[in-house]
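Accompanying notes for the structure given below.
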Number of protein chains: 2
Amino acid sequence: MDTAERLVTSAQELLWERGYVGTSPKAIQERAGAGQGSMYHHFRGKPDLALTAMRRSARELRAQAEEQLGREGTALERVGGYLGREREPLRGCRVGRMAMDPEVIASDELRAPVRETFAWLAERVAGIVADGIAAGELRPGLDPADTAAAITAVVQGGYVLARAAGDREPFDRAVRGALGLLAAAATGEAPHGA
Amino acid sequence: MDTAERLVTSAQELLWERGYVGTSPKAIQERAGAGQGSMYHHFRGKPDLALTAMRRSARELRAQAEEQLGREGTALERVGGYLGREREPLRGCRVGRMAMDPEVIASDELRAPVRETFAWLAERVAGIVADGIAAGELRPGLDPADTAAAITAVVQGGYVLARAAGDREPFDRAVRGALGLLAAAATGEAPHGA
DNA sequence: GTCTATACGCTGATAGAC
DNA sequence: GTCTATCAGCGTATAGAC
């Protein structure tokens with residue numbers, strides 16, 4: 001792995017662990033085993049490197065989500081796969097965490113990868129919920145966009161609860177709770193249609 | 001309002017806006033209109049002042065939540081009141097935000113108010129869900145603790161979605177989505193019992 | 001490409017005068 | 001109680017040698 005690459009992956013790790021305001025160029029350089037000069041040769045500065053790192057984390061997260069959401073199966077199975085996939089709740093979400101950073105939120109450019117990730121996710125999940133309704137699997141009274149937002153929020157909020165507790169259990173509870181509510185919104189009939 | 005008081009409220013505001021790592025003693029002093037000497041006379045340092053500020057924010061948040069959760073009414077009305085109360089989603093949660101701060105999480109003392117707030121909230125909501133089940137208002141299949149965690153997580157996650165989008169709409173969607181799922185888990189019968 | 005040198009304001013304090 | 005002075009180290013670079 002070359003120097004530029006090590007700088008990006010080190011920045012990804014530190015942004016995940018400490019956020020943007022909590023991460024210094026110096027700390028990134030040290031973790032990457034690179035000097036000052038190297039970093040400023042490959043990147044214009046902290047915002048430039050952070051943006052590169054955030055774009056990559058966003059892409060990776062989206063791929064992980066798509067792995068569950070794009071499976072074969074019923075809507076409940078696909079959403080359940082997304083909710084229940086293996087995570088490390090105490091680490092938080094590497095993309096969602098950026099939404100709490102004041103300097104990321106203050107910059108349209110830095111915020112863009114975060115915005116796009118959640119816009120994509122919300123739409124992807126809403127489509128699956130809509131499919132589930134169309135297939136007769138979920139109650140027609142559900143609003144797909146609202147339900148998708150709630151599902152997405154449960155995951156992000158689960159991280160907050162787990163980190164607050166210092167224990168992953170609240171995250172797992174929140175996921176089970178969401179699955180329980182979705183089960184209550186299932187019609188109990190076998191899905192039909194394409 | 002005396003100087004010590006102004007320091008605490010300024011710290012509360014800045015911690016809400018910028019988190020712990022993003023907030024400097026100097027910034028707090030400036031907002032409070034106090035000098036260095038004043039701050040170090042009244043508090044031992046940044047962690048001491050921040051802890052005082054966080055304890056107060058936690059107490060205030062709990063009182064706001066109790067205002068909705070402690071109302072008269074059915075379980076759905078009380079939980080709905082909590083979910084739907086007026087908020088400013090783009091500002092985030094002043095207590096939940098601290099869970100994403102690396103230095104708060106690294107310190108048991110600083111994390112304590114955050115931990116206690118969400119432990120209380122989860123238990124409070126779980127009790128109301130359990131009441132709703134006992135009253136025949138909610139399906140007996142729901143797990144009160146899991147459902148309460150999901151409800152709490154929807155609010156915290158809603159903040160993340162709203163800030164990521166730069167728009168309160170995703171928060172409102174998540175809340176409506178959660179209410180829609182709870183409605184699906186309602187029995188449709190009038191609550192009975194005490 | 002990477003290194004060292006230099007810069008300047010900020011961070012988080014302590015000391016002592018008033 | 002509040003003020004000013006002082007401090008070592010960090011944050012975020014830029015310049016120029018190699």
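A, B, ... follow the sequence lines: proteins, then strands. Residue 1 opens every chain.
Between A:Leu49 atom CG and D:dG11 atom P there is a gap of 15 Å when expressed in whole angstrom units. Regarding A:Asp48, its CG atom lies at a distance of 15 Å from the P atom of D:dT12, rounded to whole Å. Atom pair B:His41:NE2 and D:dT4:C1' shows a separation of 17 Å (rounding to whole Å applied). Atom CD of A:Glu30 and atom P of D:dG11 are 9 Å apart (whole Å). To the nearest angstrom, P of D:dT12 lies 16 Å from CZ of A:Phe43.
Taking CG of B:Asp101 as the reference point, atom CZ of B:Arg111 lies at 13.0 Å (rounded to 0.5 Å). The CG atom of A:Leu14 sits 10.0 Å away from atom CD of A:Glu30, with the distance rounded to the nearest 0.5 Å. Distance check, rounded to the nearest 0.5 Å: NE2 of A:His41 to CG of A:Leu7 gives 11.0 Å. With values rounded to the nearest 0.5 angstrom, A:Cys93 atom SG is found 9.0 Å from A:Met98 atom CE.
Residue pairs meeting the side chain to side chain donor-acceptor pair (under 3.5 Å) criterion with at least one partner in residues 174-186 of chain A, sequence neighbours excluded, are A:Glu169-A:Arg176, A:Arg176-B:Asp146. Listed by first then second residue, pairs satisfying side chain to side chain donor-acceptor pair (under 3.5 Å) with a partner in residues 114-135 of chain B read B:Glu66-B:Arg124, not counting sequence neighbours.
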Check your understanding: If the sugar-phosphate is the primed atoms plus P, OP1 and OP2 and the base is the rest, what is the B/S/- string for nucleotides 11-18 of chain C, using protein heavy atoms under 4.0 Å?
Key -> SSBB----
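Remark: nothing in residues 2-16 of chain A comes within less than 4.0 Å of DNA chain D through any heavy atom.
No hydrogens or angles considered: nothing links the side chains of B:Gln156 and A:Gln156 as a donor-acceptor pair under 3.5 Å.
Scored by the ring-ring contact (aromatic ring centres under 6.0 Å, His included) test, A:Phe171 finds A:Tyr159 as partners (sequence neighbours excluded).
For the pair B:Lys46 and B:Tyr40, the cation-pi criterion (under 6.0 Å, within 45° of the ring axis) is not fulfilled. A cation-pi contact links B:Arg91 to B:Trp16, judged by a cut-off of 6.0 Å to the six-membered ring centre and 45° from its axis.
Paired with B:Pro113 under the rule side chain to side chain contact (heavy atoms under 4.5 Å, CB included), one option of B:Val95, B:Val104, B:Leu51 passes, and it is B:Leu51.
Taking five base pairs at each end of the helix from C:dG1-D:dC18 to C:dC18-D:dG1 and finding the rotation axis that steps the C1' atoms of four pairs onto the next four gives two axes whose angle is 0°, to the nearest 10°.
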